Structure formats: C-alpha cells, structure tokens
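Below is one structure, written out as structure tokens; comments come after it.
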Amino acid sequence: MTDTRQLRARYRRILRFAARYMVLEWWFELVLPRFGLERIAARRRLARAAHIARNFHGLAVDLGGLMIKVGQFMSSRLDVLPSEITRELEGLQDEVPAVDFQLIKESAERELGIPLERAFAHFDPVPVAAASFGQVHRARLTGAEASDVGFADVVVKVQRPGIADIIEVDLAALRRVAAWLSRVRFVSSRVDLPALLEEFAIISLREIDYLNEGSNAERFAENFADDARVEAPEVVWERSTRRILTLADATAIKINDHERLRAAGIDPAEVADELSRAMFEQLFMHRFFHADPHPGNIFVTPADPQRADSTTPDWTLTFIDFGMMGEVPENLSRGLQRLIIAAAARDAPGLVASVRDMGILLRTAETAPLERAMGELFDRFGGMGFTELQQVDPQEFRAFGNEFSEVVRTMPFQLPENFLLIIRAISVTSGVASDLNPGYNVWTAIEPFAARLARDEGGGTVREFAKQALSSAGLLLRLPQQLESVATLMQRGQLAVETPSADKRLRAIEQLVRRVLSAVLFTALLLGGILLRSTDPTLGLVLMIGSALPLAHALFAGVLNRNRLF
C-alpha cells in the first residue's frame, strides 16, 4: 500500500468513526424523545459517552498524529466533560508508540546534512519520550560545540517522519466532521465549530515548526529572567532546524513525583503554589503563556550545592516543550484581569459581566440565570479546597452539576482567539496543583494575585477600576441597578412576596441594599482617587469628590425614607 493510499484510508477511517457515533446519538437524543422515550435515552447517556471515549482512545493510539492531540485536549476538560469521558482518555500521551530509530536517524541526518556521528559525540537510540508529533533522545555535543555553549548534555527532539502529511489529512477529516455538526442547530447555536477547529489547526501547525518552538523557549526565558524560581532550557541553534530541536538537558524531578520531591526536601504544596504563581504571571503579566503545562513538561530542579549562594532558591521550576504557546491580546488581558478580581471577590455579576465584555458571552444573552448559578457556586463551594470538596455529598455535587451544566448549555458562548489555549492552561494547572496539594484552593490562589493586580498602577488596572467605579456612580443616579441583588434572591427562591406587609418589608430591604452598595461605592471611589493621585491628579481628585454622593446616600437615605416605608 502506497503512502497516498494509507493517508486516504486514514481519512475514511476517521469519517466512519465520526459518522457511526453521530448517527447513534441522533437516534437516542432526537428520534427516541419524539416517541416519548426520553427516559430510555437518558438512562445510559453517560455509559454511551464513556463507550465512545473508550473507542476513540483506541482509534487515537492506533492512528497517532492529531488524534492524540484531540484526545489529550478532551481529557483535560474536567470542567465541562464528565469524568466517565476524561477517565477513558487519560494517559494518551504515554501510550504513543516510538518510531523505529533507523527512521529517526535518517530523518535527522537529512535535516542536519551530516551523519549523526559527526553531529553529536553521542546519540542515545532509546528515546526519552515519544509524543504524537515527535520523539526525544538524549545526546552529547562534540567538544568544540560544548565549549561554545557551555554545556555538553542535550536532548534532541526529532519530528516524526511524514507527520506534516498526517496532520493535513487529520485536519481535512475534522473539518468535514465539523461541517456535519454545524448543520445541527443545537450545536451551531452554541459554538462556531469550524472557527474553533481553525484555531486548533493553527496551534497544531505551529507545533511542528521547531524553529518557532526554539524562539518561544528563548522568549519564555527572557520573561522570567529576573525570577530565579522559573527556568527554561537553552537552545543549541547550531544543531536545530525546522524539524530538529536541540536543547540543554533540563531533566530533573518530574513535578508530580511526590516521593522524589519529599526525598529532596521539597514540599509538594509549595511547588503547587509556585506553579500557580508562574502560570498566573504568564497569563496576566507577560501575556505569553505555556499552554500545555502537564506533568511531563515541568521539572523541579533542586539547587546545586556547589554553585548555590544566599540568593539561590532551594529549587526551581523548569518548563520544557514550548511548541504549544498562547498569547493574550490586550483587550482580552484586561477582561481576564477583571474576571480574576471578580472571582477573588466572589462577585458573580462582575464575573459574568467580564465574560460578556471579553466577547465570550454574546451581549444579547440573558445573564440572570448564569449570575444566579455562579452565585450559588460561590456560596456553596467557593471557599472549599480539593480535600473539602471530596467530602461533599456526591448527590449534592451531581444535582448542582446537572443544574449548572444545563444553564451553561443554554448560553450562547463563543471563544475569542487563543481562548482555547487559556482554558487548557488553567485547567491543566489546576489539576496538577490539586494533585500536589489536595487542599489546594484555586480561589485562595487567586486572591493574592488579584490584590497584586489591583495595586499594579503600571498595568493600568487601578485606572480601569477607578473608571468602573466612576461609571457605577453615574448608574446609581440613572438606574436602580442595585435591585438586581434583590431580584437574584427572588429568582433563587430566597424571597417570597405574597402580602402587602411583605411588600413593605421588601421596600425596606431594597433601601438597605441601596445604602450598603452606596457605602461600597463610596469606598471604591475614595480608594481609587487616593491611588490615582500620584499618576493622574485630576482624575484622582474627581473620584474623591465624587465619592461624597454615594456617602450622602448611604448616610441619609434611610432617614429620609423611614416614615414613608414604615
């Protein structure tokens, strides 16, 4: 069978797999309910999903290529996919078979233009790791090159022969499947699958350009040049091409190897905190981030006692594999900053507003159900770490999860550019940190970072916060925005208005809510003005003077309305 015939057979096999299970789901989810058989369709929904995931796992391992990447992404989506699915897709990366060394050797020699024996003093034929797009071998530089770069031990990443053609075929098949699904109204009304796939295609094609990966590694290292805790391996450009990448060997303790960490005197919980900090800095400060921070791509490197001094940390986080990197556009970065501050404050309306402002949620969407669901999420689970969450009644989790998922499914979401990578980065980071520290609480991890963002005048966050506060002051005069809190309580079923007496009490509660929010607004305007005085005296003074209005309302509104209300 020729290579072309193999690629055609691969294309047809992917389409057959997709068509088979699309028809199956069409039968259970569309046909049976029309005959009043919804219970039969719902009874084994999770079992069917797990069966599909299990069969896709087998397909991905057999085909390799982009199918592995698709499975890896789905396995990391613990936030939206049931555990029955993600469990079946776990470990896909570890199951990728290695390419025969002779093929790797021939490919490397074609790229370098010289025999492997001349290019390196030693090249280990046994791979350190085999991934979907390439595999990694240990090697040693020749004496002259080792002298030039200052080290001899390296790892060489060699692209799998023919992977570019395989990716092209896989993308063609996935585009066909996305077109099929886009004809289903339930899917097309909630997500632009073709656009999502094109972003995935761009990410995948960048991943097989090793010169781009080398540049990413250097940019990452420059961003953390002043941070002794975070490192990246140095690139050996003399032995790198578009299909070969040679880096300093940074192999150390795998970040999820608890036993070796403790044996080295390193607290896994401290490693979890540092990982969170490093990822948040990448996302919100550098706006250039590692989008695949799974345990195989991060090492913990203990300090060398012979080279350590008083300024050297006991250990460092060493990131590798910079093929999948993301960038956060400035407008999206500002939205993410507002989102993280809202999350730290358990501000459900603020969080939903930031999601809408980023373009993730269409402005025409009815946000009250999502705000209510987020409020309940914060109220019930917001302060819990991983260990505490494990002690929650599974039935309560399941009931809330079903309700929350139903709300999310009705929302018209769309993903801005690079948001797919942001979701993956945060999801994987949270999973790794929770494994290192069962008590890890993402809300607690966010709070100090949110405070840092709020103090960061250089990044413009305080100015943005002040402008938001000033805008809120205007709204206070024009619209009864504060009634949303009472409406939310009523929607949750926590307020009932059935009698004239209850009506009177409700108005009293409304006035109390107005006064409390006015006091909060006064504090925000005053603090914003004080913080801005050093950089923008005019705006700072305006905010400080403007704070008098909500202060007056907070102090005197109750007195003026007391007789009328009661």
Side-chain angles (χ1 to χ4, degrees), residues 3 7 63-70 72-73 93 96 99 103-114 116 119 127-137 139 154-175 196-223 232-248 250 282 286-294 296-297 319-329 417-422 424-425:
D3 289 342
L7 293 173
L63 293 181
L66 206 58
M67 295 299 101
I68 293 285
K69 289 292 180 183
V70 173
Q72 285 174 339
F73 176 74
Q93 186 70 57
V96 179
V99 177
L103 295 176
I104 289 292
K105 184 174 185 292
E106 292 172 1
S107 177
E109 290 178 341
R110 276 195 305 272
E111 283 296 306
L112 296 173
I114 58 175
L116 214 53
V128 177
S132 52
F133 293 171
Q135 63 188 47
V136 180
H137 293 257
V154 294
V155 291
V156 184
K157 188 174 181 180
V158 184
Q159 200 171 104
R160 285 175 173 259
I163 191 63
D165 292 334
I166 289 174
I167 290 175
E168 184 179 350
V169 167
D170 289 357
L171 286 174
L174 291 173
R175 287 186 179 107
L196 195 62
L197 182 59
E198 290 312 310
E199 184 177 347
F200 186 66
I202 292 171
I203 293 166
S204 301
L205 292 173
R206 283 177 183 164
E207 236 187 305
I208 60 173
D209 182 354
Y210 288 173
L211 292 179
N212 179 65
E213 181 176 343
S215 298
N216 288 342
E218 288 194 337
R219 181 177 172 185
F220 182 93
E222 288 171 6
N223 287 343
E234 187 175 339
V235 182
V236 183
W237 288 110
E238 292 79 3
R239 288 290 177 261
S240 297
T241 71
R242 197 168 294 278
R243 294 182 179 86
I244 292 180
L245 181 63
T246 303
L247 302 155
Q282 292 173 55
H286 306 154
R287 300 196 345 232
F288 178 71
F289 62 95
H290 197 300
D292 197 21
H294 66 75
N297 284 340
F319 286 75
I320 64 169
D321 195 351
F322 299 92
M324 191 185 293
M325 303 294 290
E327 295 196 56
V328 185
E417 183 182 359
N418 261 340
F419 205 78
L420 184 68
L421 294 183
I422 294 171
R424 176 176 175 78

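As the structure is a prediction and not an experimental result, all values here were calculated from the model. The residues of the chain are indexed from 1 along the displayed sequence. Basis for what follows: all heavy atoms, side chains included, without hydrogens, waters or symmetry-related copies.
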Query - Test ring pair (Phe, Tyr, Trp, His ring centres under 6.0 Å) applied to F220 - qualifying residues, sequence neighbours left out - result: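 Applying ring pair (Phe, Tyr, Trp, His ring centres under 6.0 Å) to F220 gives F224, F319, F322.
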Query raised in the report: Listed by chain and number, what are the ring pair (Phe, Tyr, Trp, His ring centres under 6.0 Å) partners of Y210, not counting sequence neighbours?
Result: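 Listed in chain order: nothing, the list is empty.
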[X] [atom1] to [Y] [atom2] distance, which is reported to the nearest 0.5 Å:
X: L211; Y: R243; atom1: CG; atom2: CZ; value: 10.0 Å
X: I166; Y: L171; atom1: CD1; atom2: CG; value: 12.0 Å
X: I163; Y: S107; atom1: CD1; atom2: OG; value: 11.5 Å
X: R242; Y: Q159; atom1: CZ; atom2: CD; value: 10.0 Å
X: E111; Y: S240; atom1: CD; atom2: OG; value: 11.0 Å

Query raised in the report: Run the side chain to side chain contact (heavy atoms under 4.5 Å, CB included) check on I68 and F133 step by step: do they pass?
Result: CA-CA 9 Å; I68 293 285; F133 293 171; over 6 Å; no
Who pairs with [X] by side chain to side chain contact (heavy atoms under 4.5 Å, CB included), at least two apart in sequence or on another chain?
X: L103; answer: V99, D100, E106, P161
X: A173; answer: Y11, I14, L15
X: R219; answer: N223, F288, E327
X: A139; answer: F120, F123, V154, V156

Query raised in the report: Does anything in residues 157-167 pair up under salt bridge (Lys or Arg N to Asp or Glu O under 4.0 Å), and if so which pairs, sequence neighbours excluded?
Result: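 For residues 157-167, and leaving out neighbouring residues, the salt bridge (Lys or Arg N to Asp or Glu O under 4.0 Å) pairs sorted by first residue read K157-E213, K157-D321.
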What heavy-atom pair brings [X] and [Y] nearest, and what distance separates the two atoms?
X: A250; Y: P233; answer: CB-CB, 4.1 Å
X: V235; Y: A217; answer: CG2-CB, 4.1 Å
X: A425; Y: P293; answer: O-CG, 3.9 Å
X: A119; Y: L112; answer: CB-CD1, 3.8 Å
X: I167; Y: L66; answer: O-CD2, 4.4 Å

Query - Residues in side-chain hydrogen bond (donor to acceptor under 3.5 Å, both in side chains) contact with H137, at least two apart in sequence or another chain - result: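 If we apply the side-chain hydrogen bond (donor to acceptor under 3.5 Å, both in side chains) test to H137, skipping adjacent residues, the hits are Q135.
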With [X] via salt bridge (charged side-chain N to carboxylate O under 4.0 Å, His left out) - residues at least two apart:
X: R287; answer: none
X: E222; answer: none
X: R110; answer: none
X: E238; answer: none

[X] side chain to [Y] main-chain N or O, any donor-acceptor pair under 3.5 Å?
X: T246; Y: R239; result: yes
X: E109; Y: L116; result: yes
X: H290; Y: I320; result: yes

Query raised in the report: Should the pair E198-R175 be classified as a salt bridge under the 4.0 Å nitrogen-to-oxygen rule?
Result: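 Counted as a salt bridge, because a side-chain N and a carboxylate O are separated by less than 4.0 Å.
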Query raised in the report: Relative to F200, does K69 satisfy both conditions: NZ or CZ under 6.0 angstrom from the six-membered ring centre, and within 45 degrees of the ring's axis?
Result: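 Pair K69/F200 does not count as cation-pi.
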